[in-house]
Trainee: 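The structure's right below; bear with me while I get my questions together.
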Amino acid sequence: NSKSTPISGKDELVRYLEAGSKPDKSTWRIGSEHEKFIFYRPDNSPLAYEPDGNKPGIKDVLTAFTKHGWEPVTEKGKIIAAKQNGASITLEPGGQFELSGAPLKNIHQTCDETSAHLRLSQEIGKELNIGFLGIGFHPTLRREEVPIMPKGRYGIMRAYMPTKGNLGLDMMLRTCTVQVNLDFASEADMVEKFRASLALQPVATALFANSP
């Protein structure tokens, strides 16, 4: 919430987390996020925001989704996202295409939502001669080859990341991920879920390697 008081200490952080507790389990929801690289099929190159000759741009991909019932979201006159039924499609700094799912009751609904999104992505991919690649780290692109998306905060991030190490820009521009957001009943419940997710992460990495 942009109107919230900034968190400045440990006690405030604890209060902030406690405010998100949902003791009533019936109100719990799952939110998933699914990122993909987009490439132009004739030469496997990434898509810039604007089209280039016969090669479509990210703008065209978002516009295609709006033709299938998604509502456009703009910034300074440029379409940067789309939304529908509590879900949204957004752009990461290097043009990674992200489905930010709606808050859903169970994993079966999450599966249906993601499957429907992938089917529509495939349909739009055929229309625009593009592909969607769900993989953790881009296998071929160098950092300087990645197009930058026209969102104001990404300019701030590009200036800040190099001051905190040498891989921040690679994380921004050349990675995709799948994420899950879970409700919790209390601080103890949150800690238990967090520990379980950390324990499962190495297993997921071993099973899927360089894929989301």
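Keep in mind that what you see is a predicted model, and the values were worked out from it rather than measured.
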Trainee: Please walk me through it: do Glu50 and Lys78 pass salt bridge (Lys or Arg N to Asp or Glu O under 4.0 Å)?
Mentor: CA-CA 10 Å; Glu50 296 287 350; Lys78 295 180 181 293; 3.4 Å; yes
Trainee: What's the verdict on side-chain contact (heavy atoms from CB on, under 4.5 Å) for Tyr16 and Val14, showing C-alpha distance, side-chain angles and the deciding distance?
Mentor: CA-CA 5 Å; Tyr16 178 80; Val14 170; over 6 Å; no
Trainee: Do NZ/NE/NH1/NH2 and the carboxylate oxygens of Asp183 and Arg29 come within less than 4.0 Å?
Mentor: no
Trainee: Which value, rounded to the nearest 0.5 Å, describes the distance between Asp60 atom CG and Glu127 atom CD?
Mentor: 11.5 Å
Trainee: Report yes if some heavy atom in the side chain of Lys83 is under 4.5 Å from a heavy atom in the side chain of Val73; otherwise report no.
Mentor: yes
Trainee: Please tell me if the side chains of Asp189 and Phe194 come closer than 4.5 Å, counting only heavy atoms from C-beta onward.
Mentor: no
Trainee: Just wondering, more than 12 heavy atoms not from Glu187 lying within 6.0 Å of its CD?
Mentor: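 Counting other residues, nucleotides and ligands, CD of Glu187 stays at 12 neighbours or fewer.
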Trainee: Taking atom CD of Gln201 and atom OG1 of Thr205, what is their separation to the nearest 0.5 Å?
Mentor: 4.5 Å
Trainee: Are the side chains of Ile135 and Phe208 in contact, using a 4.5 Å heavy-atom criterion?
Mentor: no
Trainee: Looking at Pro147 and Ala48, what are the two nearest heavy atoms and their distance?
Mentor: CB-CA, 3.8 Å
Trainee: With side-chain contact (heavy atoms from CB on, under 4.5 Å) as the test, would you mind laying out the steps for Glu71 and Thr66 before giving the verdict?
Mentor: CA-CA 6 Å; Glu71 181 182 347; Thr66 66; over 6 Å; no
Trainee: Would Arg142 and Glu145 pass as an ion pair if we require N to O under 4.0 Å?
Mentor: yes
Trainee: Grab the two heavy atoms, one from Ile30 and one from Ile107, that are nearest each other, plus how far apart they are.
Mentor: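 Of all heavy-atom pairs spanning Ile30 and Ile107, the closest is CD1-N, 3.7 Å.
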Trainee: Tell me whether Met171 shares a hydrophobic cluster with Leu141, the cluster being built from Ile, Leu, Val, Met, Phe, Trp, Tyr side chains joined at under 4.5 Å.
Mentor: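 Yes, Met171 and Leu141 fall within the same hydrophobic cluster.
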Trainee: Backbone N or O of Lys105 within a donor-acceptor pair of the Gln109 side chain at under 3.5 Å?
Mentor: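 Here the side-chain-to-backbone pair exists.
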Trainee: Should Ile148 and Val61 be regarded as members of a common hydrophobic cluster, given that ILVMFWY residues are connected when their side-chain heavy atoms come within less than 4.5 Å of each other, either directly or indirectly?
Mentor: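 Yes: a chain of side-chain contacts under 4.5 Å links Ile148 to Val61.
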Trainee: Considering all heavy atoms of both residues, which atom of Gly86 and which atom of Pro103 are nearest to each other, and what is their separation?
Mentor: O-CD, 4.2 Å
Trainee: Walk me through it: do Tyr40 and Asp52 pass the test side-chain contact (heavy atoms from CB on, under 4.5 Å)?
Mentor: CA-CA 11 Å; Tyr40 186 47; Asp52 181 11; over 6 Å; no
Trainee: Going by heavy atoms in the side chains, are Gln84 and His68 under 4.5 Å from each other?
Mentor: no
Trainee: Can you tell me how far the CD1 atom of Ile124 sits from the OG1 atom of Thr63, to the nearest 0.5 Å?
Mentor: 10.0 Å
Trainee: Rounded to the nearest 0.5 Å, how far apart are CD1 of Ile79 and CD of Glu75?
Mentor: 12.5 Å
Trainee: Between Asn129 and Pro42, is there a side-chain heavy-atom distance shorter than 4.5 Å?
Mentor: yes
Trainee: Spell out, as yes or no, whether a donor-acceptor pair under 3.5 Å connects the side chain of Gln122 to the backbone of His117.
Mentor: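 Such a contact is absent between Gln122 side chain and His117 backbone.
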Trainee: For Lys193, does the NZ atom have more than 12 heavy-atom neighbours from other residues, nucleotides or ligands under 6.0 Å away?
Mentor: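 Check passes, neighbour count above 12.
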Trainee: Using a 4.5 Å cut-off on heavy atoms from C-beta on, say whether the side chain of Glu98 contacts that of Ile89.
Mentor: no
Trainee: Would you kindly say whether Lys55 and Ser45 are connected by a side-chain donor-acceptor distance under 3.5 Å?
Mentor: yes
Trainee: Linking I/L/V/M/F/W/Y whenever any side-chain heavy atoms sit under 4.5 Å apart, do Leu128 and Trp70 land together?
Mentor: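 Yes, because Leu128 and Trp70 connect within a single hydrophobic cluster, where side-chain heavy atoms sit under 4.5 Å apart.
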Trainee: Assigning hydrophobic clusters by single linkage (Ile, Leu, Val, Met, Phe, Trp, Tyr; side-chain heavy-atom cutoff under 4.5 Å), is Leu104 placed with Trp28?
Mentor: no
Trainee: Check the hydrophobic clustering (I, L, V, M, F, W, Y; side-chain heavy atoms under 4.5 Å; chains of links allowed) and say if Leu91 and Leu133 are grouped together.
Mentor: no
Trainee: Please find the pair of heavy atoms, one from Leu169 and one from Pro162, that lie closest to each other, and give the distance.
Mentor: CD1-CG, 3.8 Å
Trainee: CG of Asn106: more than 12 outside heavy atoms within 6.0 angstrom?
Mentor: yes
Trainee: Which heavy-atom pair separates Leu99 from Lys36 by the least distance, and what is that distance?
Mentor: N-NZ, 4.2 Å
Trainee: Which atoms form the tightest heavy-atom contact between Val146 and Gly94, and what is the distance?
Mentor: CG1-CA, 3.6 Å
Trainee: Check whether any side-chain heavy atom of Thr114 lies under 4.5 Å from a side-chain heavy atom of Ser32, and answer yes or no.
Mentor: yes
Trainee: State the NE2-CZ distance between His138 and Arg174, to the nearest 0.5 angstrom.
Mentor: 9.5 Å
Trainee: Apply side-chain contact (heavy atoms from CB on, under 4.5 Å) to the pair Ile80 and Thr90, showing each step before the final yes or no.
Mentor: CA-CA 7 Å; Ile80 58 166; Thr90 58; over 6 Å; no
Trainee: Contact between Glu92 and Thr175 at the side-chain level, heavy atoms closer than 4.5 Å - yes or no?
Mentor: no
Trainee: Under a plain distance cut-off of 3.5 Å, with no hydrogens placed, do Glu113 and Asn85 share a side-chain donor-acceptor pair?
Mentor: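 Not at all, the side chains of Asn85 and Glu113 share no donor-acceptor pair under 3.5 Å.
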Trainee: Working to the nearest 0.5 angstrom, can you tell me the gap between His34 NE2 and Thr110 OG1?
Mentor: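 That separation rounds to 12.0 Å.
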Trainee: Using atom types as modelled and distance alone, determine if a side-chain donor or acceptor of Thr163 lies under 3.5 Å from a backbone N or O of Tyr160.
Mentor: yes
Trainee: Looking at Phe37, Phe65, Phe39, which one forms a ring pair (Phe, Tyr, Trp, His ring centres under 6.0 Å) with Phe97?
Mentor: Phe65
